[in-house]
Amino acid sequence: MEIASAFKRRGLLFVLSSPSGAGKSTIARMLLVTDEGIAMSVSATTRPIRPGEVDGRDYHFVSDSEFDSMVAEGEFLEWAHVFGHRYGTLKREVLKTIESGRDVLLDIDWQGTQQLKQVDPDIVRVFILPPSMAELERRLRSRGTDAEEVIRRRMERASAEISHWAEYDYVLINNNAEKCRELVHNILKAERLKATRRVFLHDFVRELIG
Ligand code: 5GP
């Protein structure tokens with residue numbers, strides 16, 4: 001038996017959650033560049049597209065009625081209301097990545113994480129905390145794009161999101177993006193080596209020791 005196939009394993013659903021402004025998107029982007037074995041699941045959303053975003057790359061941007069029919073057709077693994085819009089993880093996105101032999105990176109909120117855990121108890125959940133609420137507010141303000149009212153609501157929403165930290169398997173504090181990226185990558189690498197995920201290892205070991 002070839003070593004490579006002996007080490008084949010089931011793809012992993014790797015969830016990253018954090019309040020907005022804690023640096024999650026930066027870390028996700030860095031992780032995707034560092035590790036070719038993981039790909040992002042592109043969610044569907046009803047929120048309007050932002051400047052610089054690309055439909056199909058950042059999200060699948062859909063209308064309310066399109067989202068309704070996707071829910072009715074059972075196209076989602078999970079979906080939730082976030083900031084007054086709907087967001088959902090598409091079954092086909094996850095399957096496409098798993099079938100390509102890669103792990104799936106999901107940038108979803110605590111509500112989606114809870115639902116996904118019900119669907120697949122084997123998911124890995126990572127929560128990223130900001131160093132402080134003052135730093136979080138500073139980061140949100142430094143983007144310079146949001147109105148005062150939006151910042152206030154995002155801070156409220158951040159507290160609500162953070163209150164779910166203990167439901168996650170791993171919790172990190174993002175003091176430094178590169179250090180945090182490295183820790184997230186270490187978690188991913190260790191999770192890949194878990195004996196329970198190495199489904200074909202039994203055959204390999206049987207050949208090794210007879
Ligand atoms: P944004 O609109 O800033 O891109 O994302 C807002 C929030 O929605 C983020 O906290 C993000 O994690 C969450 N989100 C993005 N996609 C999904 C999804 O498919 N499902 C759920 N439950 N949350 C999502």
Side-chain angles (χ1 to χ4, degrees), residues 11-29 31-32 38-99 103-130 136 139-140 143 145-169:
L12 193 64
L13 300 194
F14 197 75
V15 173
L16 272 189
S17 296
S18 80
S20 114
K24 174 185 51 177
S25 323
T26 309
I27 287 155
R29 223 175 302 123
L31 186 66
L32 292 171
I38 190 161
M40 194 86 190
S41 157
V42 180
S43 296
T45 183
T46 58
R47 93 147 155 71
I49 190 163
R50 292 181 189 141
E53 284 183 330
V54 176
D55 188 19
R57 184 194 70 186
D58 297 291
Y59 285 103
H60 299 287
F61 294 94
V62 298
S63 66
D64 269 316
S65 61
E66 279 171 318
F67 202 96
D68 285 341
S69 48
M70 290 161 101
V71 172
E73 294 293 323
E75 290 188 33
F76 291 114
L77 276 179
E78 62 76 28
W79 68 270
H81 289 274
V82 186
F83 297 129
H85 299 291
R86 285 181 290 172
Y87 295 78
T89 303
L90 293 159
K91 285 180 189 164
R92 64 174 146 89
E93 280 283 328
V94 172
L95 279 179
K96 186 181 70 187
T97 305
I98 297 279
E99 278 163 9
D103 298 316
V104 189
L105 183 60
L106 301 119
D107 170 347
I108 62 177
D109 80 334
W110 65 271
Q111 307 173 81
T113 308
Q114 281 188 353
Q115 292 177 50
L116 211 56
K117 180 74 180 171
Q118 301 290 320
V119 178
D120 180 3
D122 195 38
I123 64 171
V124 178
R125 299 161 298 179
V126 180
F127 198 92
I128 298 173
L129 287 168
L136 186 72
R139 288 184 195 169
L140 286 178
R143 292 179 179 178
T145 50
D146 297 319
E148 200 59 31
E149 172 61 14
V150 175
I151 303 250
R152 196 186 55 76
R153 271 192 284 121
R154 284 193 175 243
M155 287 302 290
E156 272 174 27
R157 167 95 201 160
S159 302
E161 183 84 26
I162 288 172
S163 71
H164 291 274
W165 69 274
E167 295 162 21
Y168 285 71
D169 304 303

Asks: Taking the six-membered ring of F83, is NZ or CZ of R154 closer than 6.0 Å to its centre and within 45° of its axis?
Replies: yes

Asks: Starting at CZ of R153, measure out to CG of L140 and round the result to the nearest 0.5 Å.
Replies: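 Answer for the CZ-CG pair, R153 versus L140, is 12.5 Å.
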
Asks: For the ring-ring contact (aromatic ring centres under 6.0 Å, His included) test, which of F76, Y59, F61, W79 pairs with Y87?
Replies: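 Exactly one pass, corresponding to Y59.
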
Asks: Any side-chain heavy-atom pair from L90 and S41 closer than 4.5 angstrom?
Replies: no

Asks: For D107, is there an ion pair with R29 - N to carboxylate O distance below 4.0 angstrom?
Replies: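 No, this pair does not count.
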
Asks: Taking the side chain as every heavy atom from C-beta outward, state whether V104 and E93 have any atom pair closer than 4.5 Å.
Replies: no

Asks: Please verify the inter-ring angle class for W110 with H164; under 30° counts as parallel, over 60° as perpendicular, anything in between as tilted.
Replies: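 The rings of W110 and H164 lie parallel, inter-plane angle below 30°.
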
Asks: Between the side chains of K24 and E161, is the shortest nitrogen-to-carboxylate-oxygen separation below 4.0 Å, so that they form an ion pair?
Replies: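 No.
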
Asks: Would you check if the side chain of R157 reaches a backbone N or O of P19 as a donor-acceptor pair within less than 3.5 Å?
Replies: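 Absent.
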
Asks: With rounding to the nearest 0.5 angstrom, report the OG to CG distance, S17 to L129.
Replies: 11.0 Å

Asks: Calculate, to the nearest 0.5 Å, the distance between atoms CD and OG1 belonging to E78 and T113 respectively.
Replies: 7.5 Å

Asks: With rounding to the nearest 0.5 angstrom, report the CE to OG1 distance, M70 to T46.
Replies: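 One gets 11.0 Å once the value is rounded to the nearest 0.5 Å.
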
Asks: Whether E149 and R152 form a salt bridge (side-chain N of Lys/Arg under 4.0 Å from carboxylate O of Asp/Glu) is what I want to check.
Replies: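 A salt bridge links R152 with E149.
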
